[in-house]
Number of protein chains: 2
Amino acid sequence: IIYVVTPTYERPHQRAELTRLSQTLLLVPALHWILVEDSLKRSPLVADLLAQSGLHYTHLNVQTPPPMKLKEGEPNWLKPRGVEQRNEALRWLRVNQSPMDRGVVYFADDDNTYSVNIFKEMRHTQKVSVWPVGLVGGLRYEGPLVDKGRVVGFHTAWKTHRPFPIDMAGFAVSLTLLLMHPEARFDPNAERGFLESSLLGQLVSVEDLEPRADNCTKIWVWHTRTEKPKLKQEEALEKLGRGSDPNVLV
Amino acid sequence: IIYVVTPTYERPHQRAELTRLSQTLLLVPALHWILVEDSLKRSPLVADLLAQSGLHYTHLNVQTPPPMKLKEGEPNWLKPRGVEQRNEALRWLRVNQSPMDRGVVYFADDDNTYSVNIFKEMRHTQKVSVWPVGLVGGLRYEGPLVDKGRVVGFHTAWKTHRPFPIDMAGFAVSLTLLLMHPEARFDPNAERGFLESSLLGQLVSVEDLEPRADNCTKIWVWHTRTEKPKLKQEEALEKLGRGSDPNVLV
Ligand SMILES: O=c1ccn([C@@H]2O[C@H](COP(=O)(O)OP(=O)(O)O)[C@@H](O)[C@H]2O)c(=O)[nH]1
Ligand SMILES: O=c1ccn([C@@H]2O[C@H](COP(=O)(O)OP(=O)(O)O)[C@@H](O)[C@H]2O)c(=O)[nH]1
Ligand SMILES: [Mn+2]
Ligand SMILES: [Mn+2]
């Protein structure tokens, strides 16, 4: 089973993002979606979307502590995003899965673009699979450099001293390995860019990484980001008492 | 058959956009994708993506005349986008389909978000089906107002005098109706915001519109837009002779 862990938070385009991601996941066999809301409560919007998705899923929530939470208008790189949510999913997996269970865990943000091919590649992960990610780190792609089937370095231009200069979307971990290291988690206080390394450093060394996607030459996941929708007219109409019907779920 | 007409153009995230759109379309039965590149030639990138998509498709191309084409840095609303491409698809349909063929034509931009539900709604179009579109026109949604199963007005805040204040993603047209009006097409010189009206005005009046999506109360398509990826480090690395491998397709 592939456990796909997705942190998510309320915003005007949340339902759009989760709709298209859920439809992608529907094309993948033997998949379990762990959707973790960054909120005090699980929302009906997300609960309904999951119920109608046709997927196997678990719906969790945990709020990012307010001092760690990105504020309206703050540049998005200032604080880590989705960290508590991914750790909550790790906690859930350790409580609910036993060492006998076979599986692979993938951390899939709600706004990236995933080809179904990437799920085929990660399915046979022994310890940690890796592959390149498109449109990240200021580059066309960031990814492992492979020689004779081994990772021998990384193509990256940003904080090149990171132990694992790999985007969240660029690796998957075997469930067994995670259960063998019950303390391994993402460090919410990791330096910017070091979040992935904070987990991976507890699980493997670079030599252990398993290159996928045709020796890391195929881009099957992209770090896309969605524009914040402009809702100026909405405020204007609301003042006139003619705003969009609040009963219509967007 | 639903004919989905998608204009597309080369940019760093084109393959990402077309990948996720193609995967959505794969969930829809009896669908034919007409993908029209804004280019002088059909590109191998798009041809390969279509060949591997598992979809029924037609691959066309037509270049937007240079004076009409949006230039780097120009605000995107300055010029219409995808007009010649949609008209090229109409031309192809008229040459290749006969009045006996039943079908529905939907104009689906490559960056929007589509729920599979919207395709179920449009399948039974007699003349022109309509429904609301999320996150467009500065509002949570724009859409038809329905009374007793008829369209009696529109919820919109922008150029409210448009004859059909409906986004491109908010309607589908029966193929028969298009074949009955062999001259009907999008007007590349239409005033900003009047492109949809320029086609629909040749085919129907507002009273003929068929409201779908639970009397236009369900949002099953969103006018999302993808951020332009930042590729600054790529230029820096290229100067050092260490740019991303050009053989890796992003
Ligand atoms: O306050 C926040 C901001 C983001 N996220 C989630 O964390 C992940 C990464 O956030 P984002 O995509 O904004 O970051 P990026 O890496 O694109 O800058 C996404 O799944 C978001 O939905 C979250 O749970 N809470
Ligand atoms: O020079 C261009 C710009 C856009 N498009 C296509 O036209 C449609 C609408 O463009 P876009 O999404 O940029 O416009 P929006 O309505 O979001 O402003 C999309 O399918 C694009 O791929 C095109 O063919 N040529
Ligand atoms: Mn993101
Ligand atoms: Mn668009």
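Per chain, numbering begins at 1; letters A, B, ... match sequence-line order. Everything quoted here is computed from the prediction, not taken from an experiment.
One distance of note links CG of A:Leu18 with OG1 of B:Thr113; it measures 10.5 Å at 0.5 Å rounding. Taking CD of B:Gln23 as the reference point, atom CG of A:Asn117 lies at 7.5 Å (rounded to 0.5 Å). Rounding to the nearest 0.5 Å gives a distance of 9.5 Å between CD of A:Glu142 and CD of B:Gln233. Here A:Leu135 contributes atom CG and B:Leu231 contributes atom CG; the two are 6.5 Å apart, rounded to the nearest 0.5 Å. Atom CG of A:Leu237 is separated from atom CG of B:Leu139 by 5.5 Å, given to the nearest 0.5 angstrom. If you take OH on B:Tyr141 and CD on A:Glu234, they are separated by 8.0 Å, rounding to the nearest 0.5 Å.
When B:Val116, B:Leu26, B:Asn112, B:Leu21 are compared by the number of non-hydrogen pairs under 4.5 Å with chain A, B:Val116 comes out ahead. In terms of heavy-atom pairs under 4.5 Å with chain B, the best-connected choice from A:His155, A:Lys230, A:Arg242, A:Lys232 is A:His155.
Within the 4.5 angstrom heavy-atom criterion, only side-chain atoms of A:Trp220, from C-beta onward, approach chain B. For B:Leu27, the part lying near chain A is the side chain, with the backbone staying farther off; criterion is any non-hydrogen pair under 4.5 Å. Of the two parts of B:Asp111, only the backbone, made up of N, CA, C and O, holds a non-hydrogen atom closer than 4.5 Å to a non-hydrogen atom of chain A. With a 4.5 Å cut-off on non-hydrogen atoms, A:His13 touches chain B through its backbone and its side chain both. Using a 4.5 Å cut-off between heavy atoms, B:Thr226 touches chain A through backbone and side chain atoms alike. Heavy atoms of A:Ser115 lying under 4.5 Å from chain B belong to its backbone as well as its side chain. Interface remark: A:Asp245 contributes backbone and side-chain atoms alike to the contact with chain B (heavy atom separation under 4.5 Å).
Within a 6.0 Å sphere centred on CD of B:Glu238, other residues, nucleotides and ligands contribute more than 12 heavy atoms. Annotation: A:Lys159, atom NZ; neighbour count of heavy atoms from other residues, nucleotides and ligands within 6.0 Å is above 12. Within 6.0 Å of atom CD in B:Glu227, more than 12 heavy atoms from other residues, nucleotides or ligands are found, so the atom counts as buried in its surroundings. Remark: B:Arg150 CZ is loosely packed, at most 12 non-hydrogen atoms of other residues, nucleotides or ligands lying under 6.0 Å away.
Counting all heavy atoms, side chain and backbone alike, B:Pro246 lies closest to A:Arg140 at CA-NH1, 3.9 Å. Closest approach of A:Trp222 and B:Val250 over heavy atoms only: NE1-C, 3.5 Å.
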Assess whether side chain to side chain contact (heavy atoms under 4.5 Å, CB included) is satisfied between B:Thr224 and A:Arg20, documenting all intermediate values. CA-CA 11 Å; B:Thr224 45; A:Arg20 73 177 154 190; 3.8 Å; yes

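Residues B:Val248 and A:Ile219 have side chains in contact (heavy-atom distance under 4.5 Å, counting atoms from C-beta outward).
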